There are 2 protein chains.
Amino acid sequence: MTAYDPRSFPPFAVTVDIVVLTVTDRLEVLVIERGVDPFAGSWALPGGFVLPDESVDAAAERELAEETGLTRGKLEDVHLEQLGTFGAVDRDPRMRVVSVAHLALSPVQPEPTAGTDAVAARWVPVDEALAAPLAFDHHQILSAAVDRAGAKLEYTTLATSLAGLDFTLGELQHVYESVWGQPLDRANFRRKVLATQGFVVPTGERRTGRRGGAPGTVYCPGAGGVMDPPLMRDEVRL
Amino acid sequence: MTAYDPRSFPPFAVTVDIVVLTVTDRLEVLVIERGVDPFAGSWALPGGFVLPDESVDAAAERELAEETGLTRGKLEDVHLEQLGTFGAVDRDPRMRVVSVAHLALSPVQPEPTAGTDAVAARWVPVDEALAAPLAFDHHQILSAAVDRAGAKLEYTTLATSLAGLDFTLGELQHVYESVWGQPLDRANFRRKVLATQGFVVPTGERRTGRRGGAPGTVYCPGAGGVMDPPLMRDEVRL
DNA sequence: CCAATAGTGTCTATCAGACAGTATCGA
DNA sequence: TCGATACTGTCTGATAGACACTATTGG
């Protein structure tokens, strides 16, 4: 490598892109419709520049708040983690941009807010987004995010971040089935969740879902942690 | 976010830092001794600028080859993956630098090569490196790398990337014990490894270790993959 | 009533942990 | 011979998968 002269470095733009996932009937992702070239009219992930005086993590939090319109209070329920950095030379046709992608799991689905370079922002089923021609390398980023989310549901209690502020075990199971695309046995799922320390905490309420049926115990997220051994799906991972 | 004008972006320097791990008697990491300020005289992780015409991934591969002195042929046995991006505002006192940290698992321990901003390069036990005052935020990066390596040994067959070009099951077990800092039952370890498809392939040879004992079957890495369910340690993860 | 959901119980195959016992090397 | 390693076998407790059964809601 060349001598480390702080004034003669190759200049890059650094951005954050955020994959915000929620589960309603299906697994959905927040996308914006780009209003400017390149990729004007295409869907893209929300994101933006890291500012000179903020950390990469802070930029991700700021962008998440801006695009979802969530207030600081509600934002605490959203799980946000770094996903990976995408730095192909030609990933942006205009200039050299390195993007630090993040994964956000939201228990709620707020009305999104379009940024300045976006015409609109909306929630889209993940299947639909993956089938559409996304801008830049955002297909790759979204795909990595869904893989990561699915893997994390296996060995962490993060599913509670997608199940709403509170939820029944049936709703929590629906989160797993939506992310994994695979049905689970109700009895075994219940046994595993209730046996895992820090997964869920009963609120004392009971609630009946939209489609009737017996009222179920309502839970809220526990202290969190890992499942050891994991709760596993059939298909191969990695 | 501001309007996306490609000519008015906040300029960043983007670097790659690499945590190269091997197992000999202990888990060891490749460090350099910095020759220039800041942190002149301190140990640091090898790394350098991402060049304007190379991807972040390519920069990591280049730096790995430069610092380890490994030829292209030998380099294929080294596992290299992105670890995470570190982008605190003041992580480099001179300027705004965002670093994409990588994790490399090497089956061999070549004589390292010092870069231009380094006085020396050497292998150091990880415990020792974590106890020393590393430059920049490299303590945080190294710590994250060891955590990642330990976690990956649980559910992947990556330990073969640390066990040498070929190895006995005793040597492979020593990799696990070195990374996890925890003894394992020989019989149960053997059963799990041999039952996992694509983990190891017998070469037909037998070999006696340095300290005598019966000669063991020699294996080489298999096609790789995941362990399902994982091979697990005692302590809590995440 | 029926469809849909919630909750409990049970059987079984599998597997990890623990550990005993034998065999083969170098010194 | 002894220390160290390699390898095999066995018992047991825990648990995931499969599935049956009952109970409670809305329509």
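Quick caveat, the model's predicted, so the values are computed rather than measured. Labels below follow one simple rule: chain letters A, B, ... track the order of the sequence lines, proteins then strands, and each chain is numbered from 1.
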Any base atoms under 4.0 Å from [X], or only sugar-phosphate, or nothing? Heavy atoms, all strands.
| X | result |
| --- | --- |
| R206(B) | sugar-phosphate |
| G209(B) | nothing |
| R186(B) | base |

No-H, no-angle donor-acceptor pair, D185(B) side chain to dA16(C) base, under 3.5 Å: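 It does not, because no donor-acceptor pair links the side chain of D185(B) to the base of dA16(C) below 3.5 Å.
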Donor-acceptor pair present, R191(B) side chain and dG17(C) base, under 3.5 Å: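 Pair found.
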side-chain N/O T168(B) vs dA6(D) OP1/OP2, d < 4.0 Å: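 Result: yes.
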Residue whose closest nucleotide on DNA chain D lies nearer the 5' end, K192(A) versus R210(A):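 Nearest-nucleotide comparison on DNA chain D picks K192(A).
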Enclosure of R91(B) CZ (heavy-atom neighbours >12, cutoff 6.0 Å):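 Yes, the 6.0 Å shell around CZ holds more than 12 heavy atoms from other groups.
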In terms of side-chain heavy atoms of [X], which of [options] is nearest?
| X | options | answer |
| --- | --- | --- |
| T217(A) | dG17(C), dA23(C), dG7(C) | dG7(C) |
| R190(B) | dT8(D), dA6(C), dT24(C) | dT8(D) |
| A187(B) | dA16(D), dA6(D), dT8(D) | dT8(D) |

Parallel, tilted or perpendicular: ring planes of Y176(A) versus F199(A), cut at 30 and 60 degrees: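 Y176(A) and F199(A): perpendicular rings.
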